[in-house]
Amino acid sequence: MRETARHVASYYAASLVETPSYPALDVDIDTDVCVVGGGFTGLSVALELAQRGVGVVLLEAQRIGWGASGRNGGQLIQGMAEVARFERYLGADAAQRLWQLGVDCVALVRERIARYGIDCELRMGVFEAATKPRHLDALQAYLDDGQRRGYPHAMAFIGRDRVREVVNSDRYLGGVLDWGSGHLNPLKLCVGEARAAAALGAKLFENTPALRIRPGSRVEVHTATGRVNAAQVVLAGNAYLGRLNRYLQGRVLPAGSYIVATEPLGRLAEELLPQNTAVCDQNVALDYFRLTPDRRLLFGGLCNYSGREPRDIAASLRPGMERVFPQLRGKHIDYQWGGHLGISLNRVPQIGRRPGNVYYAQGYSGHGLGTSHMAGKILADAICGDTQIIELFEKVPHWKLPGGRWFASPALALGMNYFRFRDWF
């Protein structure tokens, strides 16, 4: 019998009241759509299709939410990609549609949470913080652009004289407070969406890696102990897809990111973040942090492309955490974990189709919580015949570096070091 995988030892896994499990696939099965990957993208596709009465089988190699979807910082931030890049490729009208999708992706997650009664600790409010004067200029332009385009939620520029109303630290010069974005427990959201999809008839299988895919008029997805025969297949593995599809391999690059959770801080938590917002700075190797319902601080960073894991995540992150909050010196770190997210070289999500009834979405570049949900809806729409949005994303060129990740990862690691150097100025 195959050993049952476990979630990484994160605060999120420890916070689960219940951990529903799904069987491994041990038969041959026919369905309309086979989804490979049990993170937000795969769950979003499965839920959308199940809502429309389409037959869905979802295969997860480990546990639902095992990868980046269940390990990330939990920041639900509006925006699918840098709009200026999209405008450069496709023009102003397409860029405006992308911008609206970025707003709608947060609304989509909130609607799912409300419809299915998912308790995932959602709180609204994200502070985009500046550590350099040039960050302030960029954030002011970001705010002005949102207002020009018709952003429907409250956003405010916070000057240095008011920063402590949001984050009690000397590190920041100001920033933008966005009440249309928020933060939540991502693993609880994964578990809730999986439960909702299963209740609507989707068949979910854990501990079932897809080993080989044969595209065609009917797609065959082979596993170690069973096979799925489907009209279409959706590849939703992102940084964890591996070598399952040669075309996608090397177009998205895994980058490590790491998080710690402190001991419960009591009243100190409210002193650190008086409005209980999530915070992220504007550096390339950014810091991001927020509070949990039991008053811990989750603090993340150390993004790298080298493939090397820190020997001690807590020891590596503590200096940055204490640089932001000297008040936390001596506080115990109860949890430490990390994982990989998928980076698209041009920072535009890769959403499209391949010959043989293959659909895919990947490369969210650190903004995957909301973006992956919208990507799942775009894929489900295309499978059901509405291809307007997926056709826009298919027009954006994505490059595959020679040598795949073995060449690209060291190259990007060098690039990251350059931008880290720039972050000091």
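If you read the sequence from its start, that first residue is 1, and numbering goes on from there. All heavy atoms count here, side chains included; hydrogens, waters and symmetry mates do not.
Under 4.0 Å is where a charged nitrogen must lie from a carboxylate oxygen, and between E270 and R267 no such pair does. Comment: R97 does not engage D104 in a salt bridge, judged by the lack of any side-chain N to carboxylate O separation of less than 4.0 angstrom. Contact check on K395 versus E391 returns no salt bridge, with no Lys/Arg side-chain nitrogen under 4.0 Å from an Asp/Glu carboxylate oxygen.
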What donor-acceptor contacts under 3.5 angstrom involve side-chain atoms of residues 123-130, with partners at least two apart or in another chain?
| unit_1 | atom_1 | unit_2 | atom_2 | d |
| --- | --- | --- | --- | --- |
| E128 | OE1 | Q282 | NE2 | 3.0 |

Which donor-acceptor pairs under 3.5 Å do the side chains of residues 284-291 make with protein atoms, sequence neighbours left out?
| unit_1 | atom_1 | unit_2 | atom_2 | d |
| --- | --- | --- | --- | --- |
| Y288 | OH | S257 | OG | 2.8 |
| R290 | NE | G73 | O | 2.7 |
| R290 | NH2 | Y12 | OH | 3.1 |
| R290 | NH2 | L184 | O | 2.8 |

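Partner of L268 under the side chain to side chain contact (heavy atoms under 4.5 Å, CB included) criterion, out of T262, L328, N168: L328 alone.
R195 meets the side chain to side chain contact (heavy atoms under 4.5 Å, CB included) test with E18, P20, Y22, V191; sequence neighbours excluded. Partners of K188 by salt bridge (charged side-chain N to carboxylate O under 4.0 Å, His left out), not counting sequence neighbours, listed by chain and number: E121. D294 meets the side chain to side chain contact (heavy atoms under 4.5 Å, CB included) test with Y11, T292, R296; sequence neighbours excluded. Residues passing the side chain to side chain contact (heavy atoms under 4.5 Å, CB included) test with N346 are Y89, S344, V348, V396, H398, W399, sequence neighbours excluded. Scanning for side chain to side chain contact (heavy atoms under 4.5 Å, CB included) contacts around V83 gives A95, W99, R149, with sequence neighbours left out. R148 is linked by a salt bridge (charged side-chain N to carboxylate O under 4.0 Å, His left out) to D145, counting only residues two or more places apart in sequence or in another chain. Judged as a salt bridge (charged side-chain N to carboxylate O under 4.0 Å, His left out), and not counting sequence neighbours, E271 has no contacts. Applying the ring pair (Phe, Tyr, Trp, His ring centres under 6.0 Å) test to Y240 and every residue at least two apart in sequence or in another chain returns W66. Remark: F40 engages H373 in a ring pair (Phe, Tyr, Trp, His ring centres under 6.0 Å) (not counting sequence neighbours).
One N or O on the side chain of S169 and one on the backbone of V324 form a donor-acceptor pair closer than 3.5 Å.
The shortest distance between side-chain heavy atoms of I390 and L379 falls below 4.5 Å. Considering only heavy atoms from C-beta on, C34 comes within 4.5 Å of V221 through its side chain. Between I158 and V176, every side-chain heavy-atom pair lies at or beyond the 4.5 Å cut-off. Within the 4.5 Å cutoff, no side-chain heavy atoms of Y364 are placed close to those of I343. Residues L241 and L248 meet the side-chain proximity criterion, which asks for heavy atoms closer than 4.5 Å. In this structure the side chain of I64 reaches within 4.5 angstrom of the side chain of L43, judged on heavy atoms.
By the neighbour-count criterion of 12 heavy atoms within 6.0 Å, atom CZ of R171 is densely surrounded, having more than that number from other residues, nucleotides or ligands. Annotation for H367: atom NE2 does not count as buried by contact number, only 12 or fewer foreign heavy atoms lying within 6.0 Å. More than 12 heavy atoms of other shown residues, nucleotides or ligands fall within 6.0 angstrom of atom CG in D312. Around CD of Q147, the count of heavy atoms belonging to other residues, nucleotides or ligands within 6.0 Å exceeds 12.
A donor-acceptor contact under 3.5 angstrom links the side chains of D334 and H332, judged on distance only.
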| request: In sequence, state the C-alpha distance, the side-chain angles, and the governing distance for D386 and K377, and then conclude on salt bridge (Lys or Arg N to Asp or Glu O under 4.0 Å). | output: CA-CA 11 Å; D386 182 356; K377 183 179 184 304; over 6 Å; no
| task | Report the C-alpha separation of K331 and E263 in whole Å, then their side-chain angles, then the decisive distance to 0.1 Å, and conclude whether the salt bridge (Lys or Arg N to Asp or Glu O under 4.0 Å) test is met. | result | CA-CA 7 Å; K331 296 298 182 181; E263 63 181 287; 5.2 Å; no
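Residue pairs meeting the salt bridge (charged side-chain N to carboxylate O under 4.0 Å, His left out) criterion with at least one member in residues 152-169, sequence neighbours excluded: R162-E165, R164-D170.
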